[in-house]
Amino acid sequence: MEKNNWITNILNSTNGIKSVEPSDDLFSKIQQRIQKENKVSSKTVWLVAASITVLLLLNFSAIISKNKDKNSSTTTYLEMTVNKSNQLYQ
């Protein structure tokens, strides 16, 4: 019973709350702050995009060349370990 009264009191405590009304010039202040923000030039955006592209291409070329070296070293190892004679028993 006491718990229900406490819950009811808590829920009823919000009955007197009024919504806040913003000042008339608040919207214009917000708009002015947005316009004051520095915007990034399109030249900077293109330079960043080009840099990222070059970096990705360098990474892919390094990965591909590493895989080629790995394959050639594996082939060389296999060629050296294969018995060149056709003798089954020695």
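The first residue of the sequence shown is numbered 1, and numbering continues consecutively from there.
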Point-to-point distance, once rounded to the nearest 0.5 Å, from [atom1] of [X] to [atom2] of [Y]:
X: Leu57; Y: Thr53; atom1: CG; atom2: OG1; answer: 6.5 Å
X: Ile63; Y: Phe60; atom1: CD1; atom2: CZ; answer: 6.5 Å
X: Ile30; Y: Gln35; atom1: CD1; atom2: CD; answer: 12.5 Å
X: Asn12; Y: Thr14; atom1: CG; atom2: OG1; answer: 7.0 Å
X: Lys29; Y: Asp24; atom1: NZ; atom2: CG; answer: 11.0 Å

Q. So with a 6.0 Å cut-off around CD of Gln31, is the heavy-atom count from everything else above 12?
A. yes
Could you pull out every donor-acceptor pair under 3.5 Å between side chains of residues 42-52 and any protein atom, sequence neighbours left out?
{"from": "Thr44", "atom 1": "OG1", "to": "Ser41", "atom 2": "OG", "distance (Å)": "2.9"}
{"from": "Ser51", "atom 1": "OG", "to": "Leu47", "atom 2": "O", "distance (Å)": "2.8"}

